[in-house]
There are 2 protein chains.
Amino acid sequence: MELVNTDVAYKFIREKILSGVYSAGMPLASKNLSKEIGVSRTPVRDALRQLEADGLVIIKPRIGASVKSMDLKEFKDLCGLRQALETYAAGLAAHNRTESELEEIHGALEAMRVIVEKMLKTANDKELLGDLAREDVRFHLAIINVAKNDLIKKEIMRLSLINRVVSNPPKGKSTETLANRRTVLESHQEIFDAIASKNVAAAKNAMERHQQKNLEKVILMMGVKERSKFHSELGIAVKG
Amino acid sequence: MELVNTDVAYKFIREKILSGVYSAGMPLASKNLSKEIGVSRTPVRDALRQLEADGLVIIKPRIGASVKSMDLKEFKDLCGLRQALETYAAGLAAHNRTESELEEIHGALEAMRVIVEKMLKTANDKELLGDLAREDVRFHLAIINVAKNDLIKKEIMRLSLINRVVSNPPKGKSTETLANRRTVLESHQEIFDAIASKNVAAAKNAMERHQQKNLEKVILMMGVKERSKFHSELGIAVKG
DNA sequence: AGGTATTTTTGTGTATACATGATGGCCGAT
DNA sequence: ATCGGCCATCATGTATACACAAAAATACCT
């Protein structure tokens, strides 16, 4: 695969957005970017167009590009979309799964359990939190892979990126309780069991409930964040 | 809303693809396009990037753009994605619907019924077919609107475009029987009833079955088309 | 004659120049 | 003093020129 400057610019800007260096609402002037990246404006514009398609950037004619910001409605819609896709994927996974594929899902589930139990003992969450998040996505990713629908996978991956941006700003500070993590684990267990027993309807139900809980959790979290940052309209990820 | 050349190029190319003038696999040289449209290559490239995001075009570095072509697997995945979204939307619609919104869905349903009954009498399908298709999308669109999730709506609209391209080439010749149309009508009735009675689970089930039937129908249709066009690799919408 | 190497040509990717429309400050009028 | 219009500045949209890679055509060798 040939690598062109457009890709360089794309990865550069995307990384900055995902890491929160470019925060929501921030204008992305093609001139500045081209100087910063070291390429001309043309590939930068190309990259911005791709990022717009990803839903990370918004481009208004004659105004320019800026990092996408969301209101609460849009965020809820996003979660709904994701719920629809992951739920469907869980159903497919329950239908398609082979033994070895089940193995991988189970591996992610157990890895999460181990981490949560470690957390009960040590108060030091710092890196465990990262591990937990990693295993969480591994679990969901495993299911999506087993579903074997490449378009749905692609779409969910796209949504994940947007989610990452939205939940990013508050310095990664976790408002989750241990009880919450326990609940997540239980949800995952339910999902796994349904997939293991090839029960399509149960898998869908379990995943739908899981996603619903997640939505409610994040909404709550965002509500809190919102109040605390109400004065600075710019630089927040979600307003409304 | 300001209108720029990029939009002109986008609409131009998109229209040609949707109408089948640019058929699947056909290379889209930016130079030719720019001459044909009467703008420079820059906005054409922009437009092609957008069309790539829409899933209508594929761009390979150093090679160029071409109209996207699909294999059977990808098409099935597409239908799955659509099934997931429309099913979810039906559930939302059943939950959210107001009386007046229900009215609109019902209107589309009855309009379709009238057309199908007209078809029973007159053999002249020519324009009735167009009307039927129009009312069909109106029905689905009404449900999606009632679901009130803008992202899901946007995504379904995108998929509809791709579908249109895929099912387009065979001169609009309908392989559907009247019995088929009856079945579609019954499915719609079921979906409507579920939404009317605010039964979320039933609405989802009805829509899922409806989409499933549609997939099977189109797969069959495509299988036939495929065999008949096997020799000409280029210019077919779906290969495999 | 067939296949391969080489040249030619075409088209992409990129940089850059230019024009138009937007943004922000300044000045005058009320 | 504040509001509204005018002007300067700047960034965007667009066109175009250039370099290099890929494809096509031609010539060459076996």
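Because the structure is a prediction, the values reported are computed rather than measured. Below, chain A is the first sequence line, B the second, and so on; all start at residue 1. Atoms considered below: every heavy atom in the structure, side chains included; atoms not considered: hydrogens, waters and symmetry mates.
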Chemist: May I ask you to say whether B:Asp7 pairs ionically with B:Lys11, meaning some side-chain N is under 4.0 Å from a carboxylate O?
Modeler: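 The answer is no: the pair does not qualify as a salt bridge.
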Chemist: Report the distance from atom CG of B:Leu28 to atom C1' of C:dT10, rounded to the nearest whole Å.
Modeler: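 Result: 17 Å.
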Chemist: Round to the nearest Å and state the distance from B:Lys35 atom NZ to C:dG11 atom C1'.
Modeler: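 Going from NZ in B:Lys35 over to C1' in C:dG11 covers 13 Å.
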Chemist: To the nearest Å, give me how far apart CD1 (B:Ile59) and P (C:dT12) are.
Modeler: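 It works out to 10 Å between those atoms.
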Chemist: In whole angstroms, how far is the P atom of C:dA17 from the NZ atom of A:Lys31?
Modeler: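 Roughly 11 Å, once rounded to whole Å.
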Chemist: Choose from D:dA15, D:dT12, C:dT14 the nucleotide whose nearest atom is closest to any side-chain atom of A:Asn5.
Modeler: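 In terms of side-chain proximity for A:Asn5, the closest of D:dA15, D:dT12, C:dT14 is C:dT14.
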Chemist: Side-chain polar contacts of residues 47-62 of chain A - donor-acceptor pairs under 3.5 angstrom, sequence neighbours left out - could you list them?
Modeler:
unit_1	atom_1	unit_2	atom_2	d
A:Arg49	NH1	B:Asp46	OD2	2.5
A:Glu52	OE2	A:Ile59	N	3.3
A:Asp54	OD2	A:Tyr10	OH	2.4

Chemist: Here's a test of your reading of the structure: between A:Val39 and B:Asn32, which maps to the more 5' nucleotide of DNA chain C?
Modeler: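 Upstream on the strand: B:Asn32.
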Chemist: Consider only side-chain N and O atoms of A:Arg41 and A:Ser34, and report whether a donor and an acceptor are under 3.5 Å apart.
Modeler: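 Absent: no donor and acceptor within the cut-off.
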Chemist: What is the distance, rounded to the nearest whole Å, between atom CD1 of A:Ile63 and atom C1' of D:dA11?
Modeler: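 Taking atom C1' of D:dA11 as the reference, CD1 of A:Ile63 is at 10 Å.
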Chemist: Check A:Glu101 with A:Arg97, please: is the shortest side-chain N to carboxylate O separation under 4.0 Å?
Modeler: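 Salt bridge: no.
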Chemist: Tell me whether A:Lys153 is salt-bridged to A:Asp150, with the criterion being a basic N under 4.0 Å from an acidic carboxylate O.
Modeler: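 Salt bridge absent between A:Lys153 and A:Asp150.
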Chemist: Quickly work out the A:Asp46 CG to C:dT14 P distance and round it to whole Å.
Modeler: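 That distance rounds to 8 Å.
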Chemist: From the list C:dT12, C:dT20, C:dA15, which nucleotide is the closest neighbour of the side chain of B:Ser30?
Modeler: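 The nucleotide sitting nearest to the side chain is C:dT12.
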Chemist: Counting only side-chain heavy atoms from C-beta out, which of C:dG11, C:dT14, D:dA11 sits nearest to A:Pro43?
Modeler: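 The answer is C:dT14, which lies nearest to the side chain.
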Chemist: Checking contacts here: which listed nucleotide (D:dT12, C:dT12, C:dT14) is nearest the side-chain heavy atoms of B:Ala29?
Modeler: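 Taking heavy atoms from C-beta onward, the closest nucleotide is C:dT12.
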Chemist: So does B:Ser40 get a side-chain nitrogen or oxygen closer than 4.0 Å to the phosphate oxygens (OP1/OP2) of D:dA15?
Modeler: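 Yes, B:Ser40 has a side-chain N/O under 4.0 Å of OP1/OP2 on D:dA15.
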Chemist: For C:dG13, take OP1 and OP2 only and decide whether either is under 4.0 Å from a side-chain N or O of A:Thr6.
Modeler: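 No, outside the criterion.
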Chemist: By nearest atom, which of the nucleotides D:dA21, C:dA22, D:dT16 is closest to the A:Arg62 side chain?
Modeler: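 The answer is C:dA22, which lies nearest to the side chain.
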Chemist: In whole angstroms, how far is the C1' atom of C:dA19 from the CZ atom of A:Arg41?
Modeler: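 Rounding to the nearest Å, CZ of A:Arg41 and C1' of C:dA19 are 12 Å apart.
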Chemist: Any side-chain N or O of A:Arg45 below 4.0 angstrom from OP1/OP2 of D:dG13?
Modeler: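 So the side chain of A:Arg45 is within the cut-off, an N or O lying under 4.0 Å from OP1 or OP2 of D:dG13.
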Chemist: Atom CG of A:Leu3 to atom P of D:dA21: distance rounded to whole Å?
Modeler: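 Answer to the nearest Å: 14 Å.
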Chemist: Distance check: side-chain N/O of B:Thr42 vs OP1/OP2 of D:dT14, anything under 4.0 Å?
Modeler: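 No, outside the criterion.
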